[in-house]
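To start, I am sharing the structure in question, which I have written as structure tokens.
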Amino acid sequence: MLIWKGKGYLIFVIVFVISLLLELTTEAISGQDTFYQDHSWPLALALALSGAVIAFLSRKLVSEPPKTLIDKDTGEEYKLEAKHSLFFIKMDYWSYILIALSVLSLIDVI
């Protein structure tokens, strides 16, 4: 089963890398091995940063011009636009989802 289209897989990569970097950073600064797990704000910050990066990336990918293919037999033109999604949700919407999850993690819902 294909769970992403286009560059939608980058959502996984971005969230994982930013969360890992923030965990390593907060634990190095605090000197505690479980700081990231004990406090809710590092996860909220990681999700918010991920949402911002994904919003920037999705706008960058949408601005790419569509490719035009011409059928040799009929001379008909077809425009191919790249669609980027994860779990059938467009990449544009993932930034809003991640920011909402960030807020929810601050109020300890997730």
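Scope of the values below: all heavy atoms of this structure, side chains included, with no hydrogens, waters or symmetry mates.
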Shortest non-hydrogen separation from I89 to W94 and the atoms involved: O-NE1, 3.3 Å
Pairwise distance NZ(K7) to NZ(K60) - rounded to 0.5 angstrom: 12.5 Å
Closest approach of G8 to H84 (non-hydrogen atoms, all atoms of both residues): N-CB, 4.3 Å
I11 CD1 to M91 CE distance, which is reported to the nearest 0.5 Å: 4.5 Å
Joint cluster assignment, V103 & L106, ILVMFWY side-chain distance < 4.5 Å: no
Interatomic spacing from CD1 in I29 to CG in L24 - rounded to 0.5 Å: 11.0 Å
Side chain to side chain, F12 and I3, heavy atoms closer than 4.5 Å: yes
Closest heavy-atom pair and its distance - S105, S102: OG-O, 2.8 Å
Side chains of Y9 and L86 in contact at under 4.5 Å (non-hydrogen atoms): no
Hydrophobic cluster identity match, L47 and F87, side-chain contacts under 4.5 Å: yes
Inter-residue atom distance Y93.OH - S58.OG, 0.5 Å rounding: 10.5 Å
Worked check of side-chain contact (heavy atoms from CB on, under 4.5 Å) between K83 and K90: CA-CA 8 Å; K83 296 180 181 177; K90 294 170 89 176; over 6 Å; no
Non-hydrogen atoms of A46 and S19 that approach each other most closely: CB-OG, 3.8 Å
Smallest separation among heavy atoms of D33 and E27, with atom names: O-OE2, 2.7 Å
Cluster overlap Y36 with I18, hydrophobic side-chain contacts below 4.5 Å: yes
Within one Ile-Leu-Val-Met-Phe-Trp-Tyr cluster: L49 and F16, side-chain cutoff 4.5 Å: yes
Spacing of CH2 belonging to W41 relative to CG belonging to L22, to within rounding of 0.5 Å: 6.5 Å
Spatial distance of atom CG (L69) from atom CD (E77) [nearest 0.5 Å]: 9.5 Å
side-chain contact (heavy atoms from CB on, under 4.5 Å) between I97 and L101, worked out: CA-CA 6 Å; I97 292 170; L101 289 174; 4.2 Å; yes
With V17, the side chain to side chain contact (heavy atoms under 4.5 Å, CB included) member among L20, L21, I14: L21
